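The block underneath contains the structure these notes are about, expressed in structure tokens.
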Amino acid sequence: MSDTLAIAAEKAGSEPARFDFAAAEPRWQQAWERRGCFRVADVPDDGLPKYYVLEMFPYPSGKIHMGHVRNYTLGDVVARYKRARGFSVLHPMGWDAFGLPAENAARERGVHPARWTYDNIAAMRAELQRMGLSLDWSREFATCDPEYYGHQQKLFLDLWRAGLVERRESWVNWDPVDGTVLANEQVIEGRGWRSGAPVEKKLLSQWFLRITAYAPELLSALDGLERWPERVRVMQAKWIGRSEGAKLRFPLLRPVGSIEGVEVYTTRPDTLMGMSFLALAPEHPLAAAVAESDPQAAAFIAECRRLGTSEAVIETAEKRGFDTGLCVDNPFLPGQTSPVWIANFVLMEYGTGAIFGCPAHDQRDLDFARKYALPVPPVVLPPGADPATYAIGDTAYVGPGVMFNSGFLDGLDTEAAKRAAIAELERQGAGKGEVNWRLRDWGVSRQRYWGCPIPMIHCDACGIVAVPDSALPVRLPEDVTFDRPGNPLDNHPSWRHVACPECGRPARRETDTFDVFVDSAWYFARFCSPRAAVPMARDAVDHWLPVDQYIGGIEHAILHLLYSRFFTRAMRDTGHLAEREPFAGLFTQGMVTHESYRTADGKWLYPEEVERQPDGSAIHRDTGEPVSVGRVEAMSKSKRNTVDPGAIITRFGADTARWFILSDNPPDRDMEWTEAGVSGVFRFTQRLFRLAEAVEAAPTPAPGTGFGDAARTLRRATHHAIKAVTDALESFAFNVAVARVHEFANAMADAEKVAEAPDHPGLAWARTEAVETLARLISPMMPHLAEEIHARLHPEAESLVAELSWPEADPAWLAVESVTIAVQVMGRLRGTITMPPGAEAGDVVAAAAVEPNVARALQGKRVIKRVHVPDRIVNFVVAE
RNA sequence: GCGGGAGUGGCGGAACGGUAGACGCGGCGGACUCAAAAUCCGUUGCCCGCAAGGGCGUAGGGGUUCGAAACCCCUCUCCCGCACCA
């Protein structure tokens, strides 16, 4: 089937009755470009309302994939629709161009990262342009352009001056073979993903952006993001992770070196009198101090470190600990001490890296206490429990209750006890109430070449000195080698040597580059004034931001979106813009999936290597060997279940690809790409073309009142389609918009049938109206075919559908001439009647009652209630 | 475990509390053709019935309502996210 279709598609050029997409699509793309249809000014003076549509910009891998097609089609529908609705639409495109793949290509194939990246950009730009997207290409930039990253360096220095940048030590995943820091997702089973070497935890000085300074605002402002998916807001809220509790200090009975006590954060200060032990994270300073004189402690800590890096949390659900022999006092229980343990389940990164263990009311603490036979004193009595007999088994009681065994807290409920405990801690000076956040500051240092250089200088005399604004951008050197492990910037013979801007003596450049998430944390702002001499022109960003509709994958729900929200606030506080939130509306699309195929010996096959048999089985196209059809799953190179958008556009055209990707299902769900689906859509494009072909430009003016039945029916269908498609597009229900166009096409086909017969007043005019309307209604989805249809009706005119306004439904033609009213008896459908719209209730009920089938159902029954919903339903309620 | 989302024909999916299954795919039957493709027409939730018609039906069980796929309660299944966060 696909072969024959391909032939049909290829023949399309030679047969005039077909839509020759291969010729038409480039022609219209050039026409849009020539007329600058999609260009807008940085600060427009057209007085139109603004609308900023943005899709997440791509990493330039070199080829677009179906996920891109879906993403950019969705955005383009919105952009074209809003433009037609009279908005001045900003719809830009650029490249998220820094990152590791370019460096890997350099190491593996000897291509310079810049060369590799710009070649890929050229290839991908050409593919995107074939899709016919309504982009303002004059705004294009790549984040690896020195112009772009120079402005990023300026932003960073502004943050530095505003106190939003810190340099401090932190634990990182270190690959000793590659000599580089690894992100968590690059550590696989405790080993570097490239080198395979066991990853070490290493303490390194890193640059941090103080995102935590905005934690309260980032959390509270989530409530205002009404056009964001609920789940993204929830994920961000959990990531930010606000908790209320108390921080308190436990004095050690005997100091260890200079350490005299341990700070602990808890959300359950009410349970302090149920304390059984104190536990330290293995990385805790006190643990390290103990280890200095205790080889066994050192061995335990080393063991934890080895397991800890490997994300082995899952397999080591088992809790393990080491008793240091130390003891602490409890501020609420004078004279009673608790042992200090080192425990593998305590996280250094959260709170203070130490906890107090209350096993009766915390499951983790209970597991630990049972394992090491520590006491489990209960202090919270669940509702209805008997204090005389209440005991904890294998399940901790974490719910609310009434305090007992707790001295001054006895009798209080959990919430009151928390408040009373905090008040008492504060009175004693032993601790205080505190809000804690899970969010960590953002470590942005990467020991890599292909990233934006961090514009800082290390001077032995002056310390850390910022590169002066006048010396920006700090450019990456081009003459780098990748033949040695580690960061090429460190290995470069001269680049790092620089005179200190303050004292003039020899100093060293920072050789770390920024995390690529910094690049994408402000690009939406740069798009507003992409050629400005400053990071962003204030009047341009104040005009265009926030992005009205942002569209992309759910995988960026947390990091990219949170960093962008942070950066926007940081840019506000450094005077670059006024806006608070970057993205007023967010839409997260589903994945594109496909069947997967493999041969008997387990080799994955590409879809084009597989042929389906009439009986549903599959064989290898060339060898004829049987192929097993696997699950439908996300397209991935490893499963080879990918379809190349370029090949699809060549065979079927961009409009077909766009329409299919919109039509299959709602855009937030995963969609399945199928051959049958594409073929069906291809046929539909040809059908629309034929329907339009059959219609001549009708004489203007309209024939006034001279519309016969057929013309009236078609005009009603036309205006109904306008309303229905508009409603669907407004609600992001693109699959429904597609269905409404199908209905409209069916109505047009019906009109064509009767048009053969003579004497249909006004039908020719109505058919022209229908075709003109069709062109505009499909234009957001199938822009090329829309232009083609429009041009055939107006061969002399210069106008483009891309420049036309959206059609308006005429209410007069939305009105129906009769309505079908369902008639129920006791809520069960017994018949339907046809009435004029707005008929009197009495008339409708009377007509309903005599409908034969209804009358039979009412036979011998006493009607006790008649429900009438105008133009919709009549329901007779009868007594039994 | 916690959180979020989803369960509707063979399939993707429609459906302001008001005729469930729009629209498409697929299937079946037919027209056109030497034949095929393309195109066009009809049909297509399940069961009973020659028909008229009737029964069942939106994961399952209850409830609210004249009327529930939709609202409420309980249960089940699947997908996604987070997961020793003190």
Side-chain angles (χ1 to χ4, degrees), chain A residues 1 3-5 7-8 11 15 17-18 229-235 237-239 241-243 245 264-268 271 279 281 313-314 316-319 343-347 349-358 361-365 367-368 436-439 554-555 557-558 590-591 660 663-666 668-672 674 676-677 679-681 683-684 686-687 690 724 728 733 735-746 749 753 820-832 852-853 856-857 864-878:
Chain A
M1 147 145 16
D3 276 341
T4 50
L5 254 170
I7 292 162
K11 278 173 66 182
E15 289 182 19
R18 286 188 156 263
E230 170 73 10
R231 63 174 180 148
V232 174
R233 288 187 293 179
V234 168
M235 282 160 76
K238 288 193 77 166
W239 187 263
R242 180 182 194 274
S243 68
V264 157
Y265 175 76
T266 179
T267 55
R268 294 297 300 274
T271 64
V313 206
I314 308 114
T316 51
E318 190 198 4
K319 300 196 171 13
N344 66 342
F345 68 96
V346 181
L347 305 173
E349 302 84 52
Y350 187 80
T352 63
I355 61 157
F356 84 84
C358 176
H361 306 294
D362 183 288
Q363 190 60 45
R364 296 157 302 182
D365 297 349
D367 294 343
F368 189 79
N436 198 43
W437 302 86
R438 182 184 176 278
L439 185 67
I554 187 73
E555 66 272 19
I558 296 180
M591 292 184 300
F660 178 45
S663 66
D664 191 55
N665 62 0
D668 55 337
R669 297 198 204 164
D670 290 354
M671 76 150 312
E672 186 185 353
T674 61
S679 320
V681 169
R683 287 195 297 268
F684 183 64
Q686 297 298 342
R687 180 168 184 239
R690 280 195 309 275
N735 57 323
V736 178
V738 163
R740 300 301 167 235
V741 172
H742 272 278
E743 288 174 332
F744 186 28
N746 291 341
K753 270 173 246 160
T820 304
I821 295 176
V823 184
Q824 299 178 335
V825 177
M826 295 300 278
R828 301 180 70 94
L829 184 70
R830 292 302 172 198
T832 59
N853 209 43
R856 184 163 356 118
I864 57 175
K865 188 174 178 183
R866 296 167 184 83
V867 179
H868 172 241
V869 180
D871 294 349
R872 303 221 72 134
I873 209 162
V874 172
N875 189 12
F876 293 100
V877 184
V878 298

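Lettering follows sequence order; numbering is per chain, from 1. Computed from a predicted structure; not experimentally measured.
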Exercise. If you round to the nearest 0.5 Å, how far is CG of A/L829 from CG of A/N875?
Worked result: 10.0 Å
Exercise. For B/C76, which nucleotide in any strand shown is its Watson-Crick or wobble partner with both distances under 3.5 Å?
Worked result: B/G7
Exercise. Between B/G5 and B/G9, how far is it from one P atom to the other, in whole Å?
Worked result: 23 Å
Problem set entry | Side chain to side chain, A/T674 and A/F660, heavy atoms closer than 4.5 Å | yes
Exercise. Does A/R856 have any side-chain hydrogen bond (donor to acceptor under 3.5 Å, both in side chains) partners at least two apart in sequence or in another chain, and if so, which?
Worked result: A/N853
Exercise. Does some side-chain heavy atom of A/F684 sit less than 4.5 Å from a side-chain heavy atom of A/S663?
Worked result: no
Exercise. Can you find a side chain N or O atom of A/K865 that sits less than 4.0 Å from OP1 or OP2 on B/C66?
Worked result: yes
Exercise. What is the base-pairing partner of B/C56, counting Watson-Crick and G-U wobble geometry with both distances under 3.5 Å?
Worked result: B/G45
Show each protein N/O and nucleotides 39-42 of chain B N/O combination with a separation under 3.5 Å, one pair to a line.
residue	atom	partner	partner atom	Å
B/U39	O3'	A/R690	NH2	3.4
B/C40	OP1	A/R687	NE	3.3
B/C41	OP1	A/K753	NZ	3.2

Exercise. What one-letter contact string describes nucleotides 45-53 of chain B from 5' to 3', where B marks a base within less than 4.0 Å of any protein heavy atom, S marks contact via sugar-phosphate atoms alone, and - marks no contact?
Worked result: --------S
Problem set entry | Whole angstrom value for the distance that separates P of B/A86 from CZ of A/R242 | 12 Å
Exercise. Rounding to a whole Å, what distance do you find between A/F744:CZ and B/A22:C1'?
Worked result: 17 Å
Problem set entry | Closest to the A/T267 side chain, choosing from B/C23, B/C82, B/A86 | B/A86
Exercise. So which nucleotide does B/A14 pair with, by the Watson-Crick or G-U wobble rule with both distances under 3.5 Å?
Worked result: none
Exercise. For B/A70, which nucleotide in any strand shown is its Watson-Crick or wobble partner with both distances under 3.5 Å?
Worked result: none
Problem set entry | Validation row: A/M826, A/V877 side chains within 4.5 angstrom (heavy atoms) | yes
For this session: Write down the distance separating the C1' atoms in B/U8 and B/C46, rounded off to the nearest Å.
Result: 14 Å
Problem set entry | Nearest-Å distance once atom P is located in both B/A69 and B/C82 | 36 Å
For this session: Give a yes/no on whether any side-chain N or O of A/Y265 is located under 4.0 angstrom from OP1 or OP2 of B/A86.
Result: no
For this session: Ignoring the backbone of A/K238, work out which of B/C23, B/G81, B/C84 is nearest its side chain.
Result: B/G81
Exercise. Which nucleotide sits closest to the side chain of A/A739: B/A86, B/A22, B/G3?
Worked result: B/A22
Problem set entry | In B/G57, glycosidic geometry as syn within 90° of 0 or anti otherwise | anti
Exercise. NA contact type, A/N746, heavy-atom cut-off 4.0 Å: base, sugar-phosphate, or nothing?
Worked result: sugar-phosphate
Exercise. Which base sits across from B/A31 as a Watson-Crick or G-U pair, both distances under 3.5 Å?
Worked result: B/U39
Problem set entry | For atom CD of A/E349 and atom C1' of B/C82, their distance in whole Å | 16 Å
For this session: Would you mind building the protein contact string for nucleotides 5-21 of chain B? One character per nucleotide, 5' to 3', B for base within reach (heavy atoms under 4.0 Å), S for sugar-phosphate only, - for untouched.
Result: -------SSS-B-BB--
Exercise. Counting only N and O atoms by type, is there a donor-acceptor contact under 3.5 Å from the side chain of A/D362 to the main-chain atoms of A/G357?
Worked result: no
Exercise. Starting at the 5' end of RNA chain B and moving along, which residue's nearest nucleotide shows up first, A/G677 or A/N436?
Worked result: A/G677
Problem set entry | For A/R830, salt bridge (charged side-chain N to carboxylate O under 4.0 Å, His left out) partners two or more places apart | none
For this session: Can you sort out the partners of A/F368 under ring pair (Phe, Tyr, Trp, His ring centres under 6.0 Å), two or more places apart, ordered by chain and number?
Result: A/F277, A/W341, A/F345, A/Y372
For this session: Starting at atom CZ of A/R828, determine the distance to atom P of B/G67, rounded to an integer number of angstrom.
Result: 12 Å
Problem set entry | Atom-pair distance (CD on A/E555; P on B/C82), nearest Å | 12 Å
Problem set entry | Nearest-nucleotide pick for A/M235, side chain only, options being B/G24, B/G81, B/G4 | B/G81
Exercise. Hey, is the main chain of A/K319 close enough, under 3.5 Å, to the side chain of A/N344 for a donor-acceptor pair?
Worked result: no
Problem set entry | B/C11 and B/G27, which share atom name P, separated by this distance in whole Å | 15 Å
